[in-house]
Amino acid sequence: MSKREDIASNIITVLTAVTSPITLKKITREPFSVDELSEQQYPACFVQSGNETRTDQTISFTSALREAVADYVIVGFVKGTKTNIDTKRNELITTIETSLNSDRTRGGFAKQTQIVEVSTDEGVLFPIGGIRVVVRVMYQFTSGTP
């Protein structure tokens with residue numbers, strides 16, 4: 001597997017293990033329709049690899065040490081009532097951020113992990129609340145290796 005894929009897998013593994021302050025009930029790499037979720041599947045998230053920039057660090061005749069900065073997008077959904085939907089969205093964001101900050105090296109595959117953007121649906125999906133978290137990961141790899 002590539003480091004990019006290893007990092008995505010690590011994010012899924014870390015989020016699957018979370019039990020506090022909330023337990024994520026459904027986590028996948030594939031997008032899903034919110035309309036198809038049952039009550040028992042909230043809160044739910046999917047993770048997708050996003051944009052990436054790459055630069056050469058060293059170059060030789062046979063290989064190059066490269067550095068990549070990749071974004072991973074986590075889209076999450078909670079279900080609540082008009083008195084607690086914002087709280088549930090905030091709990092989901094906090095849960096994601098806290099769990100990913102526990103190991104910023106993504107199991108040794110990365111140099112750094114940062115949450116760089118958080119956004120919400122602002123009530124458009126009520127009584128479902130949606131969030132989007134962009135996780136930026138910096139890692140190194142040797143070109144020509146998986």
Chemist: According to a hydrophobic-cluster definition based on side-chain heavy atoms being under 4.5 Å apart (Ile, Leu, Val, Met, Phe, Trp, Tyr only), do Tyr42 and Ile27 belong together?
Modeler: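 No: no chain of side-chain contacts under 4.5 Å links Tyr42 to Ile27.
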
Chemist: So, for Thr95 and Ser20, which heavy atoms are closest and what is the spacing to 0.1 Å?
Modeler: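 Heavy-atom minimum between the residues: CG2-O, 4.3 Å.
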
Chemist: Does Val69 sit in a hydrophobic cluster with other residues, and if so which ones, taking ILVMFWY side chains as linked at heavy-atom separations under 4.5 Å, directly or through other members?
Modeler: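 Members alongside Val69: Met138.
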
Chemist: What I'd like to find out is whether the side chain of Lys88 reaches to under 4.5 Å of the side chain of Pro43, using heavy atoms alone.
Modeler: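 SC-SC contact between Lys88 and Pro43 ruled out.
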
Chemist: Identify the heavy atoms of Leu37 and Ala44 that sit nearest to each other, and give their distance.
Modeler: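 Looking at all heavy atoms of both residues, the closest pair is CD1-CB, 3.9 Å.
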
Chemist: Do you know which of Gln112, Glu52, Lys3 makes side chain to side chain donor-acceptor pair (under 3.5 Å) with Tyr139?
Modeler: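 Filter result, single survivor: Glu52.
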
Chemist: Please name the pair of heavy atoms, one in Cys45 and one in Gly76, separated by the smallest distance, quoted to 0.1 Å.
Modeler: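 What the structure gives for the nearest pair is SG-CA, 3.8 Å.
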
Chemist: Are Asp6 and Asn10 close enough that some pair of their side-chain heavy atoms sits under 4.5 Å apart?
Modeler: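 Result no, sub-4.5 Å side-chain heavy-atom pair not found.
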
Chemist: Compare all side-chain heavy atoms of Ser119 with those of Ile131 and state whether any distance is below 4.5 angstrom.
Modeler: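 Ser119 vs Ile131: side chains apart.
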
Chemist: Same cluster or not: Val75 versus Ile93, using hydrophobic residues (I, L, V, M, F, W, Y) connected whenever any side-chain heavy atoms lie under 4.5 Å apart?
Modeler: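 Result: no, two separate clusters.
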
Chemist: Among all residues two or more places apart in sequence or in another chain, which pass the salt bridge (Lys or Arg N to Asp or Glu O under 4.0 Å) test with Asp56?
Modeler: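 Asp56 satisfies salt bridge (Lys or Arg N to Asp or Glu O under 4.0 Å) with Arg66 once adjacent residues are dropped.
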
Chemist: Are side-chain heavy atoms of Leu92 and Leu24 found at a separation under 4.5 Å?
Modeler: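 Yes. Closest side-chain heavy atoms under 4.5 Å.
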
Chemist: Between Phe32 and Phe46, what is the ring plane arrangement, given parallel below 30°, perpendicular above 60°, and tilted in between?
Modeler: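 Rings of Phe32 and Phe46: perpendicular, over 60°.
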
Chemist: Within a 6.0 Å radius of atom CG on Asn101, are there more than 12 heavy atoms belonging to other residues, nucleotides or ligands?
Modeler: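 Counting neighbours around CG of Asn101, more than 12 heavy atoms of other residues, nucleotides or ligands fall under 6.0 Å, so yes.
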
Chemist: Would you say Glu97's side chain and Thr94's backbone share a donor-acceptor pair under 3.5 angstrom?
Modeler: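 Judged by distance alone, no pair lies under 3.5 Å.
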
Chemist: Go through it in stages, so that I can follow the logic: the residues are Arg132 and Asp121, the test is salt bridge (charged side-chain N to carboxylate O under 4.0 Å, His left out), and I'd like the CA-CA distance, side-chain angles, deciding distance and then a yes or no.
Modeler: CA-CA 8 Å; Arg132 182 177 183 273; Asp121 69 336; over 6 Å; no

Chemist: Under 4.0 Å between a Lys/Arg side-chain N and an Asp/Glu carboxylate O for Lys79 and Glu39?
Modeler: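 Between Glu39 and Lys79 there is a salt bridge, with a charged N closer than 4.0 Å to a carboxylate O.
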
Chemist: Do you know which two heavy atoms are closest between Gly80 and Ile85, and how far apart they sit?
Modeler: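 Closest approach of Gly80 to Ile85, heavy atoms only: N-CD1, 3.5 Å.
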
Chemist: Determine whether Phe77 and Leu125 make a side-chain contact, defined as any pair of heavy atoms from C-beta on separated by less than 4.5 Å.
Modeler: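 SC-SC contact between Phe77 and Leu125 confirmed.
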
Chemist: Just wondering, do Ile11 and Thr13 contact through their side chains at under 4.5 Å, heavy atoms?
Modeler: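 With C-beta onward as the side chain, the pair stays apart.
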
Chemist: Hey, quick one: are Ile22 and Val47 part of the same hydrophobic cluster, counting side-chain heavy atoms closer than 4.5 Å, chains of contacts allowed?
Modeler: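 Yes, Ile22 and Val47 fall within the same hydrophobic cluster.
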
Chemist: Do Ile128 and Ile96 sit in one hydrophobic cluster, given that two such residues count as connected whenever their side-chain heavy atoms are within less than 4.5 Å of each other, even indirectly?
Modeler: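 No, Ile128 and Ile96 fall in different hydrophobic clusters.
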
Chemist: So, Lys26 and Glu36, do they make that salt bridge, N to O below 4.0 Å?
Modeler: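 Glu36 and Lys26: not salt-bridged.
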
Chemist: Would you say the side chain of Arg29 lies within less than 4.5 Å of the side chain of Ile12, judging by non-hydrogen atoms?
Modeler: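 Yes. Closest side-chain heavy atoms under 4.5 Å.
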
Chemist: Count I, L, V, M, F, W, Y as connected when their side-chain heavy atoms are under 4.5 Å apart, and connections chain through other members. Are Val18 and Val135 then in the same cluster?
Modeler: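 In one cluster with Val18: Val135, no.
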
Chemist: Contact between Val14 and Arg106 at the side-chain level, heavy atoms closer than 4.5 Å - yes or no?
Modeler: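 Result yes, sub-4.5 Å side-chain heavy-atom pair found.
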
Chemist: Is the backbone N or O of Arg4 less than 3.5 Å from a side-chain atom of Tyr72, with the two atoms forming a donor-acceptor pair by type?
Modeler: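 Yes.
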
Chemist: Can a donor-acceptor pair be found between the side chains of Thr87 and Asn84 at a distance below 3.5 Å?
Modeler: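 Judged by distance alone, the side chains do not pair up.
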
Chemist: Stepwise, does the side-chain contact (heavy atoms from CB on, under 4.5 Å) test hold for Gln140 with Leu65?
Modeler: CA-CA 7 Å; Gln140 287 184 323; Leu65 180 62; 4.2 Å; yes

